[in-house]
Structures are given as C-alpha cells and as structure tokens.
Amino acid sequence: MTVISLMLAVPDAATASAWYQRALGATELWNLGSVIGLEVQGAPFFLAQPESNRWESPVALGVTTTRVEVFVDDPDTLLSGAAAAGADYHDPVRDHKMPWGTHRQGGFFDPYGHLWLVGDKSPLRRHP
C-alpha cells in the first residue's frame, strides 16, 4: 500500500502533539523530541520544529501554503473537537453539491497556522 503523508512545521513539537491529541484524537506513533509521528484514525502525519533548514511554520511566515485534507466517516465530530480545543473554526461542516452527489466538508486553522479541511470519504473513490 502506498501512503502519502505530510510533515507540519510547528514551533514546539511536544506542545503541538498534545494539541493534536486533544483536538483530533491523534495518537503518537513515536517521539524524537523535535520530530514526532502521529496518526488520526489510522492516517499518519508528522510534526517537526524547523531548524534553519529552508522551511518554516505558517505562523512564522504569516501565510499558509498547504491545505491538509482529512476524510473521515464523521467530519462533524472531528471538526467539533478541533473547535473545542481552540482551533479557528472558520468553516462549519456543510453540504457541497458535487457531480457524484453531496460531499460534507468544513475546515479550521490550527493554532500553528495550518489550514485543515475535514470531509466525508466521498471524494476518495473514482466517480464516472
């Protein structure tokens, strides 16, 4: 199986890991201190503290350059958890009319400036 994952730049990996665990129900896979592996409902992602290695966190840059898209069975619950943990809840889950039918999705900015879109699994399969 091929997996595409991402590494999020954060100023403090331990603090960020604790936030993602509280907000998204993430679990730690491993912890090297400044780099931490996590997963949300089986989907892995990583956190790292930039150290003058030609990348930086969105908060430090003042802009987000990547959308993190998460597809789950219940996007409302995941988004509500993020909002309760202090995420900038900018777009509640709502229905989007797509060629294959209704897709439910909403989004938030985490405390580190990363934009997360959380939707149902409808876009994850081929549609004629």
Side-chain angles (χ1 to χ4, degrees):
M1 176 173 81
T2 301
V3 175
I4 297 174
S5 189
L6 61 134
M7 183 174 283
L8 301 176
V10 295
D12 182 301
T15 300
S17 177
W19 188 85
Y20 291 115
Q21 289 178 58
R22 186 174 61 256
L24 305 181
T27 55
E28 276 193 5
L29 300 172
W30 45 264
N31 185 329
L32 302 176
S34 65
V35 180
I36 299 174
L38 298 163
E39 69 177 1
V40 172
Q41 297 183 28
F45 70 103
F46 310 97
L47 307 175
Q49 297 169 201
E51 298 177 10
S52 301
N53 51 1
R54 299 186 62 176
W55 71 307
E56 191 52 81
S57 72
V59 169
L61 295 174
V63 65
T64 294
T65 60
T66 302
R67 286 184 348 188
V68 179
E69 299 213 19
V70 179
F71 301 99
V72 296
D73 291 330
D74 184 3
D76 298 88
T77 297
L78 195 69
L79 214 59
S80 294
D88 180 4
Y89 193 57
H90 87 285
D91 188 12
V93 176
R94 56 191 166 87
D95 292 346
H96 298 269
K97 300 299 180 200
M98 303 303 290
W100 60 82
T102 302
H103 171 55
R104 292 190 43 72
Q105 181 171 288
F108 65 91
F109 282 92
D110 67 24
Y112 312 100
H114 301 286
L115 172 59
W116 291 70
L117 296 181
V118 181
D120 64 23
K121 294 181 179 178
S122 66
L124 297 180
R125 57 187 177 277
R126 190 177 308 261
H127 298 281

Same apolar cluster (I L V M F W Y, side chains within < 4.5 Å links), [X]/[Y]:
X	Y	value
L115	Y112	no
L117	V72	no
L32	W55	yes

Between the main-chain N or O of [Y] and the side-chain N or O of [X], is there a donor-acceptor pair closer than 3.5 Å?
X	Y	answer
D120	H103	no
S80	D76	yes
H114	V10	no
S34	Q49	no
E28	L38	no

So [Y] and [X], do their side chains get closer than 4.5 Å, heavy atoms only?
X	Y	result
L47	M7	no
V3	P44	yes
L78	L24	yes
V59	L61	no

Please give me the minimum heavy-atom distance between W19 and A85, naming the atom from each residue.
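Taking every non-hydrogen atom into account, NE1-O, 2.8 Å.
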If you take all heavy atoms of P58 and A9, which pair is closest and at what distance?
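Distance-wise, the nearest heavy atoms are CD-O, 4.0 Å.
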About how many Å separate [atom2] of [Y] and [atom1] of [X], when rounded to the nearest 0.5 Å?
X	Y	atom1	atom2	result
Q105	M98	CD	CE	8.5 Å
H96	T102	NE2	OG1	10.5 Å
S57	D12	OG	CG	11.5 Å
L8	L6	CG	CG	4.5 Å

Please list all pairs meeting ring pair (Phe, Tyr, Trp, His ring centres under 6.0 Å) that have one or both residues in residues 58-94, counting only residues at least two apart or in different chains.
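Every pair satisfying ring pair (Phe, Tyr, Trp, His ring centres under 6.0 Å) with a residue in residues 58-94: H90-F109.
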Show me the pairs that pass ring pair (Phe, Tyr, Trp, His ring centres under 6.0 Å) and involve residues 31-50, at least two apart or across chains.
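Checked against ring pair (Phe, Tyr, Trp, His ring centres under 6.0 Å) - neighbours excluded - the pairs reaching residues 31-50 are Y20-F45, W30-F46, F45-W116.
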How would you list all residue pairs meeting salt bridge (charged side-chain N to carboxylate O under 4.0 Å, His left out) that involve residues 51-60, not counting sequence neighbours?
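Those involving residues 51-60 do not exist here.
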